[in-house]
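Following: one structure in structure tokens, then a few remarks.
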Amino acid sequence: MRLEQILFALEARADARARPDEMAGYAFMQFLGSLDGNRSFADQARAAKARLAVPQHPALICFAELLDRSLADPFEVLPLAMPPQRRRGGRAGRGTRHLTF
């Protein structure tokens, strides 16, 4: 079920078409975090690949390529990166200003 949520979110995001490699990388990291510890990675990756069938969305195509690369060479370092950190809140984010006299 988690895989379906990941794939749906990947397809539904508006910015996934503009940055398919980056969004596919984030989805792949979520996929790795959702793996069942009682099953092999190869089995779960093959099952995920089968769920994709013939992807049409650019981000899903990139996600399928990451699955293929991880199955072909498990020791290959994939180009995955966390999103850059940025401030999302605080006083400036809430739009409040302190008045100074």
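The distance from atom CG of D43 to atom CG of N38, rounded to the nearest 0.5 Å, is 12.0 Å. Taking CD of Q44 as the reference point, atom CG of L32 lies at 10.0 Å (rounded to 0.5 Å). Distance check: L60 CG to L10 CG gives 5.0 Å after rounding to the nearest 0.5 Å. If you take NZ on K49 and CZ on R46, they are separated by 12.5 Å, rounding to the nearest 0.5 Å.
Q30 and Y26 share no side-chain donor-acceptor pair at under 3.5 Å.
A chain of hydrophobic side-chain contacts below 4.5 Å, direct or via other Ile, Leu, Val, Met, Phe, Trp or Tyr residues, connects L3 to L80. Follow the hydrophobic side-chain contacts under 4.5 Å out from L78 and you reach M23 in the same cluster.
Minimum interatomic distance between P55 and A64 (heavy atoms only, all atoms of both residues): CG-CB, 4.3 Å. The minimum heavy-atom distance between A24 and L66, with the atom names listed, is O-CD1, 3.7 Å.
Pairs engaging residues 23-33 under the salt bridge (Lys or Arg N to Asp or Glu O under 4.0 Å) rule: none recorded [sequence neighbours left out].
Not counting sequence neighbours, the partners of E76 by the side chain to side chain donor-acceptor pair (under 3.5 Å) test are R69. With sequence neighbours left out, D21 forms a salt bridge (Lys or Arg N to Asp or Glu O under 4.0 Å) with no residue at all.
Taking the side chain as every heavy atom from C-beta outward, F31 and L67 approach each other to under 4.5 Å.
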